Chemist: 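Before I ask anything, let me first share the structure, which is written out below as structure tokens.
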Amino acid sequence: MANIITPVIIVAVAGLIASTLLVIASKVFFVPVDERVTAITAALPGANCGGCGFAGCGDYASQLVENPDLPCTKCAPGGEAAANAIAEILGKSAGAMEKQVAQVMCNGTCGAAKSLLEWQGLQSCKGAKGFFTTPNVCMFGCIGLGDCVKACEFDAIGVIDGVARVNRNNCVACGKCATECPQSVIKLVPLKNQVHVLCSSTDKGAVARKACDNACIGCGKCAKVCAFNAITVEDNKASIDPEKCKSCGMCVVECPTGAINTYKELTAAQAEKFKAANKAKLEKAAAAAKAAKEAEAAKANAEA
């Protein structure tokens, strides 16, 4: 019997000593936590996406309490509701918050972008870029192997026809996709802006067009037709000032290559002009292909 009781007593005493030491340690090393940190953490969505620039929601909450100058509006997933809740906890004004969304600045679809090779290695944009720079002729466009898709926690992005596309209804503008993209073709833009230049190439027009049928060629037609001076052409590429753009869609109609796209419904007249421009573009491409084929046939006959 004594052989059983002795080990039990030893274990019980050891447990008592350990628990006593733990209690003493918790008192000695106790770090007081500001209740506002707990309240702010609860007000945040808990996505821990890092879009605010901090390690997670808890870290952002701590920094907000420690730094009074830090904006309450840095949590994109939480949006205006989270910003207002944080401001109320801290006793200050939240300030204006403009909703943003991720946008892929590339329209180099499978039918438009020219390929150098078919990548058979690891299905990763970073892997392909590190090995070949990019499998496509265009050095600036979307590689389309889905690093951004894997990074997104909100099912807001996918690769369609060789190019990453964003579901604006699901996107919370956390910025993870933009961080993961080795080509830097994903940007955070104001949700209200419906028109974008979907091209990141800075090559000269002729070079860019050889690499991708949908490339911006820097022709400046969009800038001329814009009534709001919202478009400028620099480094052979058009760019739209989101503050000036009214999303009228006229630049979309005027663009000869389809590099400018819109999410906005065009008027019947605009849509008709847009349709006619696309038809002309296809007819021109078909005529060029036919001419090339006839020239090749004539050359073959001459050699024969």
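Worth saying up front: this structure is predicted, and the values here are computed from it rather than measured.
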Chemist: Is a donor on one side and an acceptor on the other found under 3.5 Å between the side chain of K176 and the backbone of A173?
Modeler: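 Here the side-chain-to-backbone pair does not exist.
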Chemist: Mind checking the CZ-SG spacing from F228 to C245? Nearest 0.5 Å is all I need.
Modeler: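 The distance works out to 8.5 Å.
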Chemist: Is it true that R209 and N214 share a donor-acceptor pair across their side chains at a distance under 3.5 Å?
Modeler: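 Their side chains do not contain a donor-acceptor pair, so the 3.5 Å distance test is not met.
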Chemist: For a 4.5 angstrom cut-off between non-hydrogen side-chain atoms, does V189 reach V101?
Modeler: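 Yes. Closest side-chain heavy atoms under 4.5 Å.
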Chemist: For the residue pair I231 and C251, what are the closest heavy atoms and their distance?
Modeler: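 Looking at all heavy atoms of both residues, the closest pair is CD1-CB, 3.6 Å.
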Chemist: What about I217 and V137, same hydrophobic cluster or not, with Ile/Leu/Val/Met/Phe/Trp/Tyr joined at side-chain heavy-atom distances under 4.5 Å?
Modeler: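 As far as the 4.5 Å side-chain criterion goes, V137 and I217 are not connected within one cluster.
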Chemist: How many angstroms lie between atom CD1 of I86 and atom SG of C72, to the nearest 0.5 angstrom?
Modeler: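 Going from CD1 on I86 over to SG on C72, the span is 6.0 Å.
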Chemist: Please tell me whether L198 and V195 are part of a single hydrophobic cluster in this structure, the criterion being side-chain heavy atoms less than 4.5 Å apart.
Modeler: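 Different clusters.
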Chemist: Within a strict 4.5 Å, meaning less than it, do heavy atoms of the N236 and D203 side chains meet?
Modeler: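 Of all side-chain heavy-atom pairs linking D203 with N236, none is under 4.5 Å.
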Chemist: Does N136 offer a backbone N or O that forms a donor-acceptor pair with the side chain of S115 under 3.5 Å?
Modeler: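 No; judged by distance alone, with no hydrogens or angles, the pair does not exist.
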Chemist: Say whether, by atom type as modelled, one donor and one acceptor occur between the side chain of D161 and the main chain of T109 under 3.5 angstrom.
Modeler: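 No: the side chain of D161 does not pair with the backbone of T109.
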Chemist: Enter the distance from C148:SG to E180:CD here, rounded to the nearest 0.5 Å.
Modeler: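 Between atom SG of C148 and atom CD of E180 there are 9.0 Å.
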Chemist: Out of curiosity, does V149 fall in the hydrophobic cluster containing F154 (side-chain heavy atoms, cut-off under 4.5 Å, transitive links)?
Modeler: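 Each belongs to a different hydrophobic cluster.
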Chemist: Would you find a donor on one side and an acceptor on the other, under 3.5 Å apart, between the side chain of S200 and the backbone of M105?
Modeler: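 Looks like yes, one N/O pair under 3.5 Å.
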Chemist: Less than 4.5 Å apart, any side-chain heavy atom of T257 and any of D213?
Modeler: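 No. Closest side-chain heavy atoms not under 4.5 Å.
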Chemist: For residues C57 and N48, report the shortest heavy-atom separation together with the two atoms involved.
Modeler: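 Looking at all heavy atoms of both residues, the shortest contact is N-OD1, 2.8 Å.
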Chemist: In sequence, state the C-alpha distance, the side-chain angles, and the governing distance for D59 and Q63, and then conclude on side-chain contact (heavy atoms from CB on, under 4.5 Å).
Modeler: CA-CA 6 Å; D59 188 27; Q63 295 299 323; 3.7 Å; yes
Chemist: Which pair of heavy atoms, one from C171 and one from V166, lies closest together, and at what distance?
Modeler: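 Minimum heavy-atom separation between C171 and V166: CB-CG1, 3.9 Å.
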Chemist: Is there a donor-acceptor pair under 3.5 Å between the side chain of N301 and the backbone N or O of A297?
Modeler: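 Checked: pair present.
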Chemist: To the closest 0.5 Å, what do you measure between CD1 (I157) and SG (C177)?
Modeler: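 That separation rounds to 4.5 Å.
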Chemist: Is the closest side-chain heavy-atom distance between K237 and V233 below 4.5 Å?
Modeler: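 Heavy-atom side-chain distance check fails, nothing below 4.5 Å.
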Chemist: Would you indicate whether Q123, at its atom CD, is surrounded by more than 12 heavy atoms from other residues, nucleotides or ligands within a distance under 6.0 Å?
Modeler: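 Atom CD in Q123 is packed in, count exceeds 12.
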Chemist: What heavy-atom pair brings C49 and C174 nearest, and what distance separates the two atoms?
Modeler: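 Smallest heavy-atom distance, with atoms named: SG-CB, 3.4 Å.
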Chemist: Please determine which of H196, Q103, Q194 meets the side chain to side chain donor-acceptor pair (under 3.5 Å) test together with Y263.
Modeler: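 Exactly one candidate clears the test, Q103.
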Chemist: Any chance you could measure K74, atom NZ, to L64, atom CG, to the nearest 0.5 Å?
Modeler: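 If I round to the nearest 0.5 Å, the distance is 9.5 Å.
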Chemist: More than 12 heavy atoms of other residues, nucleotides or ligands under 6.0 Å from CD of E153: is that the case?
Modeler: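 More than 12 within 6.0 Å, yes.
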Chemist: Just by distance, do the side chain of K126 and the backbone of C181 share a donor-acceptor pair under 3.5 Å?
Modeler: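 Not a single qualifying donor-acceptor pair exists.
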Chemist: Please check this pair: side chain of N229 against backbone of C226, looking for a donor-acceptor N/O pair closer than 3.5 Å.
Modeler: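 Side chain of N229 to backbone of C226: no pair is present.
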Chemist: For G141, is there any backbone N or O sitting under 3.5 Å from a side-chain donor or acceptor partner on Q183?
Modeler: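 Side chain of Q183 to backbone of G141, a donor-acceptor pair under 3.5 Å: yes, one is there.
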Chemist: Can you tell me how far SG of C52 sits from CG of L44, rounded to the nearest 0.5 angstrom?
Modeler: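 The distance works out to 8.0 Å.
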Chemist: Are more than 12 heavy atoms, taken from residues, nucleotides or ligands other than E98, located less than 6.0 Å from that residue's CD atom?
Modeler: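 Correct, the count exceeds 12.
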Chemist: Given 3.5 Å as the limit, does a donor-acceptor pair link the side chain of K244 with the main chain of P242, or not?
Modeler: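 No; judged by distance alone, with no hydrogens or angles, the pair does not exist.
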Chemist: Can you give me the closest heavy-atom contact between I260 and V197, atom names plus distance?
Modeler: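 Closest approach of I260 to V197: CG1-CG2, 4.1 Å.
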Chemist: Measure the shortest side-chain to side-chain distance between C255 and C222 over non-hydrogen atoms and say whether it is less than 4.5 angstrom.
Modeler: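 No, too far: nothing below the 4.5 Å cut-off.
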Chemist: Evaluate the side-chain contact (heavy atoms from CB on, under 4.5 Å) criterion for residues K114 and K210: first the C-alpha distance (whole Å), next the side-chain angles of each, then the deciding distance (0.1 Å), finally the verdict.
Modeler: CA-CA 8 Å; K114 309 301 187 295; K210 286 180 181 178; over 6 Å; no
Chemist: Do C212 and S201 come close enough that some side-chain heavy atom pair is under 4.5 Å?
Modeler: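 Result no, sub-4.5 Å side-chain heavy-atom pair not found.
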Chemist: As a quick check of understanding, evaluate side-chain contact (heavy atoms from CB on, under 4.5 Å) for V159 and R165, giving each step before the final call.
Modeler: CA-CA 6 Å; V159 177; R165 302 292 190 196; over 6 Å; no
Chemist: I'd like to know if L188 and L191 are part of one continuous hydrophobic network [Ile/Leu/Val/Met/Phe/Trp/Tyr, side-chain heavy atoms within less than 4.5 Å].
Modeler: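 L191 does not cluster with L188.
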Chemist: Grab the two heavy atoms, one from V185 and one from F140, that are nearest each other, plus how far apart they are.
Modeler: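 Heavy atoms only, the tightest pair is CG1-O, 3.1 Å.
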Chemist: Show the numbers, then the answer: is there a side-chain contact (heavy atoms from CB on, under 4.5 Å) between M139 and L116?
Modeler: CA-CA 11 Å; M139 297 289 105; L116 284 173; 4.2 Å; yes
